[in-house]
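Take a look at the structure below.
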Amino acid sequence: MIHLAGPALLVAVLAGAGVYGVLARRNAVLVLIGAELLLAAAGVLFVLGTALPAGGLGSPGLLDPTISARPADPLVSGQVATIMLITIAAAEIGLALAVVLLLFRARATSDLTAVRELGEASPSYTDHPDAVTGGSLP
Amino acid sequence: MTALAALLTIVLPATFAALGIAVSGRSPVWAREWGRTGALGCLVAALVEAHGVLTSGQQARIGLLGSADLGSVTVALDLRADQLSALVAVAVAVVALCVQVYSGGYLAPDQSVAPDQAGAPDQPGATDQPASAYAEAPTRYPAYAATVSLFTAAMMLVVHADDLLLLLIGWEVMGACSYLLVGHHSERASARAAAVKAFLVTRVGDLGVLIAVVVLLAGGGTTSISGLIAAADTLPDGTLTAATLLLLAGVAGKSAQFPLHTWLPDAMEGPTPVSALIHAATMVAAGVFLVARLLPLFAAADGALAVAAVIASITMLGAALAALAQDDLKRLLAWSTISQVAYMLAGVAVADSAGAADAAGAADAAAADLAAAGPGILHLLTHAAFKALLFLVAGCVTHLVGSTLFADMGGLRATHPALAGLLGLGLAALAGVPPLGGFWSKEAVLTAAERAAREGAGWPAWLVLGSGLLTALVTGMYAARAYALVALGPPRTAAMHAPDGEAATAHRLPASMIWPLWVLAVPTAVLGLVLLAPPDLLATTHVDPLTAFTGAILSLAGVGWALSAPRLGTADLALALPAGVRGFLRAGYRLDDVQHALVVRPYRALARLIGAGDRDVVDAYPRATVVATRWAGLGLRRLGNGMATSYVGWAVAGALVLGLAGVVLS
Amino acid sequence: MTGGVDLVGPWALAVLVALPLAGALVLLGRGLPARTATRVGVTISGLTLLLALAAAASAAPFAAYPGSRPGLELDLDWIPALGVHLHLGLDGISVPLVLLTALLTLLVCLHLVRVQPDAGRVGGLVACVLAVEGGALGTFLALDLVVFFVAFETVLVPMWFVIARWGDSGQRASTLAGSSRPGGEQARREAANRFVLFTVTGSALMLLGLLLVAMRSGTTDLVLLAQRGGQDLALGVQTVAACLLVAGLAVKAPMFPLHTWLPPAHTIAPTAGSVLLAGVLLKLGTYGLVRVVVPVVPQGLREIAPVLGAFGVAGVLWAGLACFVERDLKRLIALSSVAHMGFVLVGIASMTPEGLQGALFANVAHGLITGLLFLVVGAVKDRHHTAELALLDRNLRDRLPRLGWLLAFGALAGLGLPGLAGFWGELLAIAGAWRSDSAMGAISRPVAVLAAVGTAVAAAYLLRVLRRLWHGPGGAPAAPASLGGPGRFIGDATRHEVVVMMPLVAATVALGVLPAILLEVTGPAVRALLAGAP
Amino acid sequence: MTALDVVFALFASTAAAGALLAVTSRHVVHAALWLVLALGSLAGVYLVLAAEVVALVQVLVYVGAVVVLVLFALMLTRAPIGVRADLDAAPGRRRVAAVAGLATSALIGGTLLAAIGSTAEVPAGDGTASALGSATFTGWVLPFELLSVLLLAALVAAIAISRGRDADTPGLDDLAPGGTADRADPGAGSAAPAPAAAPAPATPAAPSRAVGPDGTS
């Protein structure tokens, strides 16, 4: 028996921190840390979902404590989802770190602000739009 | 029988027009015969119709094109046959037949270079084409003959229409045919310009008819002429006034009345038989016919007839003066047509009150309505005869001398006495010399005007009377002047020689060009006799002896003055005028220039402006869309700056906005 | 009117749409040689015309809902989840346009048998023509908003191909001094893209309007909607829907300030494409106005009728004046379409029986006359390899008499000469505008007078063409020798070309002298359409 | 206020603090270690929420593998030791990021609190291994299998990426000879790439490009 407001607040804080981390960091690895926090927030939310009465956020039990008797969810959906989430996150970070490593080997940096080759304003971006649209209407 | 005949007067020429194009191919001979057959059939039909109408009374409601479901009303597109239509139809058919026959000789199929062409009044660019080029071209005769037939059919449609929509069809088809015929010698720039001008000026006038039809349809709920006449007194005043004034605009355009008359003198660019057709019986007469046909409407509308009278008065005198100064036979005749048509219009315009005085004696109201237009119609008939004669004679003269300029003519009496006699006959009828047809009809108009003036019709009638008397004098002058210049004096040997070098006296005219002249000479001389046993239409048409005497004296004075001019020291009466005045009159008061400055040039400038506006203003918006899209694209491209965190930032922002929207909206 | 002859059943309507589309698929799938492809096209379009005639005969007598059901009706479930029916019907409003479309397609296919564009495979062009026919017939037969929209859009794609692939690449306009128009490949692409972008934008607006109507009234069935006559829609909704629908359809019509896609598209398109564009595509817009806007949102249309009428008459005058200074013959004819469709818009905006009768009549007349003019001008252009008025040889009446007379006939018909088809539509549109106090209000009479003036303006520009091209000194060509030299041979219209054009000439004359043919068919339908409107 | 609440508050505040420090620390390795703290506390949170298996997995995968992986990555990319000012973006950008983070927190927190309500207290569910196991291998077996395929794919992809396919790809030439990637232990699960990339012997070549400040330390 715990108060649900706590986990909710924790989710909010983790998500906010994750967003900040993703947006404010330059180092690719640190950006990934932010992403991990976002995923973690999602995981907490899933587990919180298991703790909710049947029907989730739409359940009448949320507002009326007398209907708090919760029929057991035989599939324990929230927790299973969290586990899967963690797995996916692990796969993701493995891949991401591989990319970061490759980037570092190619560019000798893991600073994301220094890698802009795919940007439209890059001097190496040669596909001029006029070549695509074929000029203007008369 | 009458109904069938009336129908045939329209259908026969139209059918033969189509046959002439479709069956004859490029063979001019076949085309000529198709055209003549059509005209002959038309004449027979018209005579049968006239006989039927005169013996068994009028007939209305002859179906032609079924009915038209206009939405809120269904109009029956009917024809009618009454004395008015029958008499005019006979005149039209006679003239058309003469013209078809005459054209066969005049525009002889084997003679590719038309006589008009050689010495046409040289305007700048008039001969921008070597004559040989036209000689190579296939003959245009089949199309010409078919167009004349179609022209006849259209006029017959106007004459017989009992529905304004039908009348409008004939009315405008005539305009199109005149365009085709005036532009017959289209290798000449002047002919092209004249054709376009003829069509456009009359079309502008026709807008009046078009809108008048719409107004009457909206106000009266029908376009049937008999229906409208029956309802003339119950129609709203505004509808009546608007419709009649608009119709007058169309009349002014078609009948070449001031200020829309400028096309007619230029239309002399057409072959001479065409001029005879247009001037004598068809196109210009259609305007007067329309007013006569709708006279009860005009009479019921305030001021419409007064306006018509003013227009007619201005036109008849002004055109007569302009005719006096012309140095070209055909243009003189053209101006005389304008003047004479104004007589008819004046006769119709003043006729109402005169006719009303006698209405009590007429059989019924409808007949009285028709009879009121009698003087004008009588003049229409006599004019048809003598003007056709004059033009055809002029064509012969042109054929002989190869020019239409007075400067190239002279001494016709010595070389071709019979032709000169016919010319004299026509000109005397034009001048109103008794006892020719023209005299009676003109005096009938003047009598009607005088009676109307005396019976309190007010100043328009007086204006018509004064203007008419003055015009009689001037008409006598220019008619006699024309005769003096063409028939009297020594032959111009240089010009009277035929192209092949034969002596002028030996140059023979084809028979097909001669006998239409004699046919037309008969009514020219004796049409006045119709007043001895007038049909109902002319029952109220009288000639007042005193007025007739005054008119005749004035005409003869003009004739005498002009004929005696050589003894006064100048062969040409016009030379007695100051040079400036002469030039001004010859140019038709320079109204062409005014028209050019006030209408044509502004129109061209406006068209250029709009043309540029279409490209640079209206189309600028789509093109601006292109530019704007490209700039927007360039701007949005800057968002794709290659920085991964920036992309994530936009994604987060989007998610936040969506989430917020969800919260707010729920 | 007497009852119809039951030649065919309702299934004919579905076949009418499916037959040309199937033909198009067959032609696309098999790379047939040009001869066979055109034969197939002629066969299929001929069958379609016959079927259309039979269906029209079976659908008589013509009345329209809501007074009675359409003469021939087919109603099948299509998308049950959305309540969309495959609802086709043939009534007095659609019959003339269905027949016109079938006739023009047949003529175009016949024309393609001998006269083929310079570039591209003819089989594909015939396929596109048939696809356009199928889409257009679908539009004219649709009695369901969704079906209407789908068919309306179906026409777009093949038309894009027609312009972009078989368009006129030999434009010489750019060689003329002072002409800034590009030529060749770029011109084709631009014209095609412009056409698609304009019309797709219009379609998007129209779709919004259709959705609004469908959402608010809960049905997409046109018969139901027309029976309600907008009673279940609030005035505001009606006005917004009418604005969207009119704006969308006016692009296609096209209405005056939205018309700039039309001249390049018509000019660049091959003759077949030009004829279809003028005769069929433009009709989709005005047909939509009559079929959807007038009965479904009558009060909304009444609210915006003054604007529609003003733009319509502005188009009449604007395009007429622009034609007067236009230098390219084909472009001139194209611009004149804007003027003619201006009359149609004025007629629709009047919301009177006369006006609608005039609009429907002018629709058909324009298809016939402008179709004929495009065929003639296309023939002239093929022979001179340019349509620039200044470069074309003059004196057509002597040099090429048959073409010359056809051109003169077309021009006279185009300027609304009474006795030919063009006249009645214009007269009735003007008459409708004059009486349309209830819809157009204070501007009704000025609009009528200005529209009448437009007929004189039309005379001015068409006579200019005739004076320049038909008349004129003959013999040596006015064009410089570099454009082919004086010694080249230019033949008159072939028998084949004359045969293709003659039905249009005959129909123009027939409708001109016997307007009852068409007016009797549309009359009851028009009254029924307006009866729903309060 | 039960004991569980207190325990939860302890774990939660630790996790929150760790998370905040992890994203704000100017020391790379510290950031990684703060992440360890945060994720580890989350395991406690899961325990309090009666999700024992989840807590265990969290410890195993996150604290045990992922963080180690992160630390390896930091080492391999020559991450600087000590406080650095260039880890964060420009101040303006940081402010934007802070606003975005706060907005996210506010939105999520507000929504959740409004939805869950402050009064509802529900018994924590049971997250025993047997319950989860039966659930996973009955109802969730298909997603579970799909997940395993995903993991396998990620494993292969990580190897492929870090090893490269072409010999001429810049930077891959500098991998240790003998293919260290071959020594990757499939059984190590998601941690597989880490040993693959372990001993990078030399400074990356980065031809024709100035070596950034991160690479020079």
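Each chain gets a letter, A, B and so on, in the order its sequence line appears, and its residues count up from 1. What you see below is based on every heavy atom in this structure, not just the backbone, and it leaves out hydrogens, waters and symmetry mates. This is a predicted model, so every value here is computed, not measured.
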Over all atoms of both residues, closest heavy-atom pair of [X] and [Y]:
X	Y	answer
C/V325	B/G611	CG2-CA, 3.7 Å
C/E354	B/V73	OE2-N, 4.4 Å
C/H471	B/G183	NE2-O, 3.6 Å
B/L210	C/A452	CD2-CB, 4.1 Å
B/R203	C/A459	CD-CB, 4.0 Å
C/P418	B/V173	O-CG2, 3.4 Å

(message) Does C/F198, at its CZ atom, have more than 12 non-hydrogen atoms belonging to other residues, nucleotides or ligands within less than 6.0 Å?
(response)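 Result for CZ/C/F198: enclosed.
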(request) Hey, could you give me the CZ/CG distance between B/F199 and C/L412, rounded to the nearest 0.5 Å? (result) 6.0 Å
Any [X] side-chain heavy atom under 4.5 Å of [Y] side chain:
X	Y	answer
B/D614	C/L335	yes
B/Y179	C/L466	yes
C/R194	B/D619	yes

Does any heavy atom of chain C fall under 4.5 Å from the side chain of [X], the backbone, both, or neither of them?
X	result
B/V617	neither
B/L166	neither
B/I211	side chain
B/A193	both

(request) Measure distances from C/W261 to the heavy atoms of chain B and classify the residue's part below 4.5 Å as side chain, backbone, both or neither. (result)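 For C/W261, neither part sits under 4.5 Å from chain B.
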(message) Under 4.5 Å from any heavy atom of chain B, what part of C/R435 do you find: side chain, backbone, both or neither?
(response) side chain
Between [options], which has the largest tally of heavy atom pairs under 4.5 Å with chain C?
options	value
B/L217, B/D206, B/T74, B/L180	B/L180
B/V213, B/L606, B/V215	B/V215
B/G613, B/G175, B/A195	B/G613
B/V214, B/I169, B/D69	B/D69
B/L165, B/V204, B/T625	B/L165

(request) Considering only heavy atoms and a distance below 4.5 Å, find which of C/L514, C/L463, C/L420 pairs most often with chain B. (result)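 Among the listed options, the one with the most contacts to chain B is C/L463.
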(message) Between C/L518, C/I517, C/L415, who has the most heavy-atom pairs with chain B when the cutoff is under 4.5 Å?
(response)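 Most heavy-atom pairs within the cutoff with chain B belong to C/L415.
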(request) Return the orientation label for the C/F324 and B/Y603 ring planes: parallel under 30°, perpendicular over 60°, tilted otherwise. (result)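 Answer is perpendicular, since the angle exceeds 60°.
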